[in-house]
Structure formats: C-alpha cells, structure tokens
Student: 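Before I ask anything, let me first share the structure, which is written out below as structure tokens.
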Amino acid sequence: MAFKTYSFEDTTLNISHPSVGSWSGYGTGLGTVTVSYSENISSMQVAADLTVVVSKHAYKHGTLTISVNQASDFNSFLKKLVNYVKTANPSEFALTTAILRNGTTGDMWTLSGIAPQKMPDTTYDSQSGYLQYVFNVASISNN
C-alpha cells in the first residue's frame with residue numbers, strides 16, 4: 001500500500017533585509033505561512049461573435065501572510081523589520097526578500113520586493129497568542 005506523509009517541520013523560511021538582518025526558522029516555530037497571488041492567471045471574455053477568448057496573464061505579485069506567536073523570537077524580528085522600514089528612507093521600504101521551502105512537497109517559493117501592509121493587531125490574553133503580519137510582495141516565484 002502506497003502512502004505519503006506531510007510534515008510542517010519540513011518547512012523552512014528565510015527572510016532578510018540588508019539593513020535589518022535575517023531570520024531563519026522551521027516548522028512549528030513559524031506558525032502559519034501563506035503565499036497568495038493577487039491576480040488570476042487567466043481571464044475570459046466573450047467577443048461580439050460569441051467566441052470565448054481566454055487571456056493568459058503573467059502577474060507574479062501578491063501577499064505573504066505570517067501568523068507567528070507573539071512571544072517568539074520570530075515576532076521580535078518581524079516587529080523590528082516593520083518598524084525599521086516604515087521609518088527608513090523610501091529606497092529601503094521593499095528590499096526584504098524571503099525563501100520558503102517545504103521538503104515534503106519539494107516546493108520552493110522565492111519572494112522579493114516585500115513590504116509590510118501594517119503592524120499586526122495585538123491582543124493580550126491569559127496565554128500567548130498569534131499575530132498576523134501581512135506583507136505585499138512584488139515578485140512571487142514557485143520553483
């Protein structure tokens with residue numbers, strides 16, 4: 001009988017900015033990481049003669065959403081990164097890059113031109129919670 005396994009522990013994320021430094025983590029220490037394209041890769045229109053015209057798009061921009069524990073070192077790094085770029089020279093705003101890999105699926109995502117949308121909303125509770133950092137990404141590549 002054939003079967004496959006998946007482990008989030010096989011996932012690594014490396015995120016860096018030339019002036020802030022870099023952070024590398026794997027698996028459950030990451031929280032949740034989502035890469036989303038902002039546009040569809042195709043669209044359809046119906047011409048006057050009722051011919052369906054399919055258009056292929058080369059859009060490669062989108063968002064990177066990272067849900068991270070508020071008590072983690074990763075949260076400290078992301079907070080430092082966002083605070084730096086929002087006050088730095090505009091030329092530094094979108095210099096962040098990231099590489100996301102999953103060894104189980106073989107997926108590798110390369111993201112560049114990363115800029116924060118805003119600081120995450122913060123809640124204080126009886127236990128440490130998760131914060132969501134959302135970044136705009138100028139270029140997403142899935143190798």
Side-chain angles (χ1 to χ4, degrees), residues 1-47 51-143:
M1 173 163 99
F3 64 91
K4 294 196 178 228
T5 59
Y6 170 83
S7 172
F8 189 56
E9 291 182 2
D10 287 342
T11 302
T12 60
L13 176 66
N14 300 301
I15 186 166
S16 65
H17 185 283
S19 298
V20 179
S22 62
W23 186 90
S24 297
Y26 70 94
T28 54
L30 296 175
T32 302
V33 181
T34 304
V35 177
S36 301
Y37 287 103
S38 293
E39 305 290 338
N40 295 329
I41 58 174
S42 68
S43 63
M44 290 190 236
Q45 295 176 326
V46 179
T51 301
V52 176
V53 179
V54 179
S55 297
K56 178 183 175 189
H57 305 291
Y59 302 123
K60 294 190 178 211
H61 63 284
T63 58
L64 170 66
T65 304
I66 302 170
S67 179
V68 60
N69 190 289
Q70 69 191 104
S72 70
D73 290 340
F74 190 22
N75 178 53
S76 297
F77 174 80
L78 292 174
K79 189 184 308 183
K80 178 181 171 184
L81 172 65
V82 173
N83 282 326
Y84 176 80
V85 299
K86 74 180 184 180
T87 59
N89 189 317
S91 63
E92 298 224 23
F93 194 68
L95 293 180
T96 303
T97 60
I99 297 176
L100 176 65
R101 290 188 176 118
N102 182 277
T104 304
T105 63
D107 287 334
M108 182 174 100
W109 297 84
T110 304
L111 303 98
S112 60
I114 299 173
Q117 286 187 356
K118 69 176 189 83
M119 286 298 277
D121 298 333
T122 303
T123 301
Y124 297 98
D125 203 342
S126 61
Q127 294 184 349
S128 178
Y130 281 80
L131 304 177
Q132 270 202 339
Y133 287 86
V134 181
F135 297 91
N136 290 319
V137 182
S139 178
I140 300 171
S141 174
N142 183 349
N143 306 346

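Note: hydrogens, waters and symmetry copies are ignored here, and every other heavy atom, side chains too, is used. Note that the numbering runs from 1 along the sequence shown for the chain.
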Student: Roughly how far, to the nearest 0.5 Å, is the OG atom of Ser55 from the CD1 atom of Ile41?
Tutor: 12.5 Å
Student: For residues Val53 and Ala47, report the shortest heavy-atom separation together with the two atoms involved.
Tutor: CG2-CB, 4.4 Å
Student: With under 30° as parallel and over 60° as perpendicular, where do the rings of Phe77 and Phe74 fit, or are they tilted in between?
Tutor: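 Rings of Phe77 and Phe74: parallel, under 30°.
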Student: Rounded to the nearest 0.5 Å, what's the gap from OG on Ser72 to CG on Leu131? Could you check?
Tutor: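 Answer for the OG-CG pair, Ser72 versus Leu131, is 8.0 Å.
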Student: Kindly indicate, with the supporting measurements, whether the criterion side-chain hydrogen bond (donor to acceptor under 3.5 Å, both in side chains) is fulfilled by Asn40 and Ser43.
Tutor: CA-CA 7 Å; Asn40 295 329; Ser43 63; over 6 Å; no
Student: Got Ile15 and Leu78 here, is their nearest side-chain heavy-atom distance under 4.5 Å?
Tutor: yes
Student: Nearest 0.5 Å please: distance from the CG atom of Asp10 over to the CZ atom of Arg101.
Tutor: 13.0 Å
Student: Quick check: closest heavy atoms across Ser112 and Val137, and the distance to 0.1 Å?
Tutor: O-CG1, 3.6 Å
Student: Under the side-chain contact (heavy atoms from CB on, under 4.5 Å) test against Glu39, which residue among Lys60, His61, His57 passes?
Tutor: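 The residue from Lys60, His61, His57 that satisfies side-chain contact (heavy atoms from CB on, under 4.5 Å) with Glu39 turns out to be His61.
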Student: Measure across Ser36 and Ile140 and return the closest heavy-atom pair with its distance rounded to 0.1 Å.
Tutor: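 In terms of heavy atoms, the two residues are closest at O-CD1, 3.7 Å.
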Student: Testing the basics here: between Tyr130 and Gly31, what is the closest heavy-atom pair and its distance to 0.1 Å?
Tutor: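 Between these two residues, the closest heavy atoms are CE2-CA, 4.0 Å.
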Student: Quick one: do the Gln70 and Tyr124 side chains pair a donor with an acceptor below 3.5 Å?
Tutor: no
Student: Looking only at heavy atoms, what is the nearest atom pair of Ser22 and Ser16, with distance?
Tutor: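 Smallest heavy-atom distance, with atoms named: CB-CB, 3.4 Å.
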Student: As an exercise, state the distance from CG of Asn136 to OG1 of Thr63, rounded to the nearest 0.5 Å.
Tutor: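 That separation rounds to 7.5 Å.
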Student: Does any part of the side chain of Ile66, heavy atoms only, come nearer than 4.5 Å to the side chain of Phe135, both counted from C-beta?
Tutor: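 A side-chain contact under 4.5 Å exists here.
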Student: For Val82 and Pro116, work out which heavy atoms get closest and say how close.
Tutor: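 Taking every non-hydrogen atom into account, CG2-CB, 3.9 Å.
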Student: Say whether, by atom type as modelled, one donor and one acceptor occur between the side chain of His17 and the main chain of Glu92 under 3.5 angstrom.
Tutor: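 Side chain of His17 to backbone of Glu92: a pair is present.
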Student: Considering the options Leu81, Leu64, Val68, Thr65, which one meets the side-chain contact (heavy atoms from CB on, under 4.5 Å) requirement together with Tyr133?
Tutor: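 So the option named by the test is Val68.
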Student: Just how far is it from atom CE of Met108 to atom CG of Leu100, taken to the nearest 0.5 Å?
Tutor: 10.0 Å
Student: Hey, are the side chains of Lys79 and Met119 touching, using non-hydrogen atoms and a 4.5 Å cut-off?
Tutor: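 Answer yes - side chains close enough.
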Student: Can you tell me how far OH of Tyr37 sits from CG of Asn142, rounded to the nearest 0.5 angstrom?
Tutor: 5.5 Å
Student: For the side chain of Asp125 and the backbone of Gln127, is there at least one donor-acceptor N/O pair under 3.5 Å apart?
Tutor: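 No; zero donor-acceptor contacts below 3.5 Å.
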Student: CG of Asn143: more than 12 outside heavy atoms within 6.0 angstrom?
Tutor: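 Yes, enclosed.
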